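We number each residue from 1, following the sequence as shown. Just so it is clear, the model here is predicted, and its values are computed rather than measured.
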Amino acid sequence: MTATITATNTNNTNSGNNEIDVTAIAAIEKALAPVFHRLYGALLNKARLDESYLAKLREYLKKFNLLSVREKSIFKPKEITFDAAQLGDVVYRRRLIRQLKAPRPAAYVYHTLPVDAERLAMQPYFEALTDFIVRATCERLVEARQDQVAIIASLTEDSLYDFLKQRSLFEMTPENLSGHAMNHLCHRLIDDNPRFQAACAMIRDAGQAAREQLRSEMAVFNAAAGAEFNARMDEISAQAAASCDSFIAELHRRAAERAEVERAEQAVKDEEAARNFGKSEQQIFFESVKRREREYRKNNPMHPLLKAILWGGGIALAVGFAFFGEVDGVSLPQALGLLD
């Protein structure tokens, strides 16, 4: 027995529960379409003349999916046919699983409407684009209450631009948009209030007078502080200059001492070279050994008492050997014929 499976990608599809009530959309469009048509028209007109403003506005409209067009895909998924009798075969099941897990074309495709100065200069495209953005915005506000609709109708192009700039896609709801419009309206009413403007002017005048007074009082302090600072800096500069001069003089003194030592060493080397001129290496070595011996004796002289003891001991040893020493049983004087 064979069966057929038609697999579609439902990630980007809308179910029947999410369908928008056409009657509600018509009511919202009747109330808010003229308002948004005026606002978006003003924003697009301004963007047409300013390239940087156009880039920012296009980015904000994309952020809220107000430039996205959805249509059904012309690509249909290929039907998968399987034989239930072969499901016991492992190889067949794996091949069927690969077919089921393969990517399938989506039910809808999405396009982004281009927004640039050249297209906005064409009036039919400008109007069609404005109508599309207005309808997409009204679809987001289909659940708005009458009081919220009345507040949203008071939006200005600046407040709408601020909302698109500050908020995110999920925040475009009747509550958020009406709250933003009310907040902007309150700020505008406060800013345009004559009493508030008079209070601001009074604060500015008082602040200016306080700044002038502070500036005049600080001028004396700044002058005194500047003079003290300059005197201190002159003192520090003099101390630093004196320290540098003494350090440089010390460097020169040390350099002169090193030069004098080097000259003395060179003189000794020259004298030794002149003294050794024409001599062999053996003679030079012998003289150096004798010189080092003399220097050692000069630097390490023997104590006179020790010298007398050594000489006395040597003489006593010689006399004793002369009188008491024997050579082959014969005393030394007899051997020399001094005694019979």
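Side-chain atoms of L155 and F36, non-hydrogen and from C-beta on, do get closer than 4.5 Å to each other. Side-chain contact between L44 and L57 is present, with heavy atoms from C-beta onward closer than 4.5 Å. The closest side-chain heavy-atom distance from E139 to I28 is not below 4.5 Å. R104 is listed as a side-chain neighbour of I80, based on a closest heavy-atom distance under 4.5 Å. Taking the side chain as every heavy atom from C-beta outward, V134 and L39 never approach each other to under 4.5 Å. Within the 4.5 Å cutoff, side-chain heavy atoms of L169 are placed close to those of R140. Between R292 and V289 there is a side-chain heavy-atom pair separated by less than 4.5 Å. Side-chain contact check for L87 versus L96: some heavy-atom pair is nearer than 4.5 Å.
Checked by atom type and distance alone, the side chain of S73 pairs as donor or acceptor with a backbone atom of F75 at under 3.5 Å. Here the side chain of T173 pairs a donor or acceptor atom with the backbone of N176 at under 3.5 angstrom.
Between K165 and K63, the closest heavy-atom pair is O-NZ, 3.4 Å. For the pair S178 and Q148, the tightest heavy-atom approach, listed with the atom from each and the gap, is OG-CG, 3.9 Å. The two residues L43 and E157 have their closest heavy-atom pair at CD2-O, 3.7 Å. In terms of heavy-atom proximity, Y125 sits nearest to L120 at CD2-N, 4.5 Å. Taking all atoms of both residues into account, the shortest heavy-atom contact from T130 to G41 is CG2-N, 4.2 Å. The two residues P174 and E143 have their closest heavy-atom pair at CG-C, 4.1 Å.
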Steps toward side-chain hydrogen bond (donor to acceptor under 3.5 Å, both in side chains) verdict (E127, Q123): CA-CA 6 Å; E127 293 179 356; Q123 191 62 26; 3.1 Å; yes

Audit row: I236, R232, side chain to side chain contact (heavy atoms under 4.5 Å, CB included) steps and yes/no: CA-CA 6 Å; I236 294 174; R232 181 58 179 165; 3.7 Å; yes

From CA spacing to verdict: side chain to side chain contact (heavy atoms under 4.5 Å, CB included), Y40, T137: CA-CA 10 Å; Y40 284 119; T137 304; 3.0 Å; yes

Quick one: do V109 and H111 satisfy side chain to side chain contact (heavy atoms under 4.5 Å, CB included)? Show the steps, please. CA-CA 7 Å; V109 293; H111 307 281; 3.7 Å; yes

Show the numbers, then the answer: is there a side chain to side chain contact (heavy atoms under 4.5 Å, CB included) between R167 and M172? CA-CA 8 Å; R167 300 302 184 95; M172 181 172 273; over 6 Å; no

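Once rounded to the nearest 0.5 Å, the distance linking OG of S288 with CD of E281 reads 11.5 Å. Once rounded to the nearest 0.5 Å, the distance linking CE of M182 with OG of S154 reads 6.5 Å. Atom-to-atom distance recorded for E235:CD and S237:OG is 10.0 Å, nearest 0.5 angstrom. Distance CG/D162 to NE2/H180: 5.0 Å, rounded to 0.5 Å. Between L141 atom CG and L177 atom CG the span is 5.5 Å, to the nearest 0.5 Å. The CZ atom of R204 sits 11.0 Å away from atom CE of M202, with the distance rounded to the nearest 0.5 Å.
Comment: R263 engages E260 in a salt bridge, judged by a side-chain N to carboxylate O separation of less than 4.0 angstrom. Between E250 and R254, at least one side-chain nitrogen of the basic residue sits less than 4.0 Å from a carboxylate oxygen of the acidic one, meeting the salt-bridge criterion.
In R253, the CZ atom is crowded: over 12 heavy atoms of neighbouring residues, nucleotides or ligands sit closer than 6.0 Å. Residue E71 qualifies as enclosed at atom CD: its count of foreign heavy atoms under 6.0 Å is above 12. Within 6.0 Å of atom CZ in R94, 12 or fewer heavy atoms from other residues, nucleotides or ligands are found, so the atom counts as exposed in its surroundings. E257 CD: more than 12 foreign heavy atoms inside a 6.0 Å radius. Surrounding CZ of F285 are at most 12 heavy atoms belonging to other residues, nucleotides or ligands under 6.0 Å away.
Residues Y110 and L67 are members of separate hydrophobic clusters, defined by side-chain heavy-atom contacts under 4.5 angstrom among Ile, Leu, Val, Met, Phe, Trp and Tyr. In this structure, Y60 is a member of the same hydrophobic cluster as V69, with clusters built from ILVMFWY side-chain heavy atoms closer than 4.5 Å. Hydrophobic clustering, with ILVMFWY side chains joined whenever heavy atoms are under 4.5 angstrom apart, keeps Y161 apart from I151. V142 and F132 are not part of a single hydrophobic cluster, where members link through side-chain heavy atoms under 4.5 Å apart. Tracing side-chain contacts under 4.5 Å through hydrophobic residues (I, L, V, M, F, W, Y), one reaches L164 starting from V35; they form part of the same cluster.
Side-chain contact of E287 with Q283: a donor-acceptor pair under 3.5 Å is absent, judged by distance alone. Checking H187 against N183 by side-chain atom types alone, a donor-acceptor pair falls below 3.5 Å.
Q208 meets the side-chain hydrogen bond (donor to acceptor under 3.5 Å, both in side chains) test with R211, E212; sequence neighbours excluded.
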